[in-house]
Amino acid sequence: MMIKYIFYFLAFVSVFSALMVVVSKNPVHCVLYLIMCFFSIAGHYILLNAQFLAAVHVIVYAGAIMVLFLFVIMLLNLNTQSEPHKSTWLKFAAAITSGLLLVILVGTLKGSETMVMPLGNPNAGLIKNLGITLFKDFLLPFEVSSILFLVAMVGAVMLGKKEIK
Amino acid sequence: MISFLIYKTILVIVIFAVSLVVAMYSTYGERKIAAFMQDRIGPNRAGPFGILQPLADGVKMFMKEEIIPDVSNKALFILGPCIAMLTACMTGVVIPWGAAITIGGEKYSLQITDINIGVLYMFGVLSIGVYGVMIGGWASNNKFSLLGAIRASSQMISYEVAMGLSIIALVMMTGTISLKEITEQQAGGNWNMWNVVYQPVGFLIFLICAFAETNRTPFDLPECETELVGGYHTEYSSMKLGFYLFAEYINMFISSAVIATLYFGGYNFPFMHDLGLSENLITILGVVALFAKIFFFIFLYMWVRWTVPRFRYDQLMNLGWKILIPLSIGNIMLTGLITLLRQKYYF
């Protein structure tokens, strides 16, 4: 019973903050609402008994990625004067494209309420089970994804390096 | 259910109060130690030996006029110190302050909650701690504050990486990330040493990063009168400034507790099960032992502050990225290698 109320509260917070990300005028406020959204999603993970995922979600998204976002936005010092002028046609086109995306999303998710997820092990999200699954059943994809990270890191270092003449 | 709630509430309040009091008297201790190192007397006016000085400071902070700059972002300006204080107090939840106490046949653990992701929780709270500084510095709408905030947060992010990597080596060795289990593994007997014996490099990296994370000398670059007027809290006055300064002392206390728990055996002390003491007495002595370790590390923070000059900013970044991170990755590899050899040859 309690969990149900917590779920509704978290769902409200995530939807509200996600909406505020789009609606807010001040870019710094947008980022802060996005951080709030990430926290409520971490709360959902905890409700699903996936504590490891929740902690990593907070550390990686709220703690690292959003800090860099905030960094860039604070340094850019965006305000209404420096905002590029958007023509009416541009806004019109943006509304149509995002509306189409909404239609597609609703269309794909419409049939999903009849889909019943097979109930797996409820403790699958605990760190021990997750680690065993990752390193036994999905070892190759896991290692390959680490190469992806390596590529991204090398790319970032290359871009950040001063040009040698 | 009700008794459980009451017990947890009391525990939370006690730990909260203890962190605040320890942080409060750390300010006094810092001034006394500084005075001792510089051959002065230090605060000695309020009460015997100046023991009431922290109270006087607190009253002063509360009584000062509160100024919120007109051009600042008011909501965020107030939110900044709140987050700093909140995250400073949050980590105390997962630290095992002692083993269980038995009252009337019922066991009461002295840890608020033993979640099995203790180390990650601690790390998550640490990574949120950056926001207090960043939001406060930006909301002040002052270029010096913003520069200070950016300095502070880039320093904290950089050292977080090395800190995380140094913990990974420890986690590989202990095989758990619950702080309680890590402590219990370090219980005495059979030449079972504290983790610092097996992870000396990891401990040093962790210690250096803890200094950087709490913005203490030699890493106190975020606060620099000569370059930044003040720091990220230039525009703050009254108790909001007090909260920022106070959060630093709470962080110092909590990080000392974490170091003591991870590397120095937590509430374990030598020969604890060989002296024939009762369970409750061992628990109480364990709490005393833990606090003795914590106070030693708080003293170490102050000792370093009044001994070592500060780094230059580029030196700080070089140390973080070019020395500590490769060193901690090497430490991880070495730990992995030794663990494998141990499994193979059973030593």
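Since the structure is predicted, the reported quantities are computational estimates derived from the model, not experimental observations. Each chain gets a letter, A, B and so on, in the order its sequence line appears, and its residues count up from 1.
Remark: B:Phe77 CZ is packed, more than 12 non-hydrogen atoms of other residues, nucleotides or ligands lying under 6.0 Å away. Residue-environment remark: CG (B:Leu5) exceeds the threshold of 12 foreign heavy atoms within 6.0 Å. Within a 6.0 Å sphere centred on NZ of B:Lys74, heavy atoms belonging to other residues, nucleotides or ligands number more than 12. Within a 6.0 Å sphere centred on OH of B:Tyr313, other residues, nucleotides and ligands contribute more than 12 heavy atoms. A 6.0 Å sphere centred on CZ of A:Phe9 holds no more than 12 heavy atoms belonging to other residues, nucleotides or ligands.
With a 4.5 angstrom heavy-atom cutoff, A:Val60 does not touch chain B via any of its atoms. Looking at B:Leu126, there are no atoms closer than 4.5 Å to chain A (heavy atoms on both sides), in backbone or side chain. With a 4.5 angstrom heavy-atom cutoff, B:Ile157 touches chain A only via side-chain atoms. With a threshold of 4.5 angstrom between heavy atoms, B:Ile177 approaches chain A through side-chain atoms but not through N, CA, C or O.
Residue B:Tyr121 holds its OH atom at 12.5 Å from CD of A:Gln51, rounded to the nearest 0.5 Å. Taken to the nearest 0.5 Å, the OG atom of B:Ser153 stands 7.5 Å off from the CE atom of A:Met74. A distance of 8.0 Å separates CD1 in A:Ile127 from CD1 in B:Ile117, rounded to the nearest 0.5 Å. Distance check, rounded to the nearest 0.5 Å: CG of A:Leu53 to CG of B:Leu120 gives 11.0 Å.
Side-chain contact between B:Asn73 and A:His29 is present, with heavy atoms from C-beta onward closer than 4.5 Å.
The most heavy-atom pairs under 4.5 Å with chain B, out of A:Val28, A:Leu70, A:Val58, come from A:Val28.
Contacts of residues 34-48 of chain A with chain B at a heavy-atom distance below 4.5 Å involve A:Ile35, A:Phe39, listed in sequence order.
For the pair B:Ser154 and A:Phe71, the tightest heavy-atom approach, listed with the atom from each and the gap, is CB-CZ, 3.7 Å. Nearest heavy atoms, A:Ile59 versus B:Gly124: CG1-CA, 3.5 Å.
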